[in-house]
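These numbers were taken from a predicted model, which means no experiment stands behind them.
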Amino acid sequence: MSKKQSFSEKCYSLLRKVPHGRVTTYKAIAEALGTKAYRVVGNAMHKNPYSPRVPCHRVVCSDSKVGGFALGKRRKIEMLKKEGLQIEKGKVKSFEKRLFEFN
DNA sequence: CGGTTGACCAAGT
DNA sequence: GACTTGGCCAACC
């Protein structure tokens, strides 16, 4: 564990806490880190060097929309469905219910 | 140090 | 519901 983590690396660490079958938002992560850099979170996910280690596919938009994915959002949706989530027209069903919050 | 870049967000048209 | 606009901010060059 390094001591000096970049903002992006902090995102990964935080995201790692998200349990199976739950989702979070770019905004939630940014705010949890004490900033409003929503976009930076997205940037970090796009780079995501920790692919399987960090569940980047569990991050969605605040509007309940699935958002994007490096390998295509279609793949992202499939993975989420596999985790028990229900997706409809690119949006997460019961989004707020499935939303995991960092305390 | 300035400019560009986004897997975003919110409000408006 | 699709599209536009302005704002936000770390990382990169």
**Asked** Rounded to whole angstroms, how far apart are CZ on A:Phe69 and C1' on B:dG6?
**Response** 17 Å
**Request:** Look only at the side chain of A:Thr35 and the backbone of A:Glu31, and say whether a donor-acceptor pair between them is shorter than 3.5 Å.
**Result:** no
**Asked** When the distance from CE of A:Met45 to P of B:dC9 is rounded to whole Å, what number comes out?
**Response** 13 Å
**Fill in**
The side-chain hydrogen bond (donor to acceptor under 3.5 Å, both in side chains) partner of A:Glu83 among A:His57, A:Arg22, A:Arg98 is A:His57
**Request:** Starting from P on B:dT5, measure out to OH on A:Tyr26 and report it in whole angstrom.
**Result:** 20 Å
**Complete:** Its contact letters, B for base, S for sugar-phosphate only and - for none at protein heavy atoms under 4.0 Å, make nucleotides 1-13 of chain C read ------BBBBSS-
**Complete:** Of A:Asp63 and A:Gly68, the one whose closest nucleotide on DNA chain B sits nearer the 5' end is A:Gly68
**Prompt:** Quick one: does A:Lys76's side chain have a donor or acceptor within less than 3.5 Å of a partner on A:Gly68's backbone?
**Reply:** yes
**Request:** Determine, using ring centers only, whether A:Tyr12 and A:Tyr50 are less than 6.0 Å apart.
**Result:** yes
**Message:** Can you tell me if A:Lys27 touches the phosphate of B:dA10, counting only side-chain N or O atoms and a distance under 4.0 Å to OP1 or OP2?
**Reply:** yes
**Message:** Strictly distance-based, threshold 3.5 Å: is any side-chain N or O of A:Arg58 a donor or acceptor partner for the main-chain N or O of A:Val18?
**Reply:** yes
**Asked** Looking just at side-chain N and O atoms, do A:Ser94 and A:Gln86 make a donor-acceptor pair shorter than 3.5 Å?
**Response** no
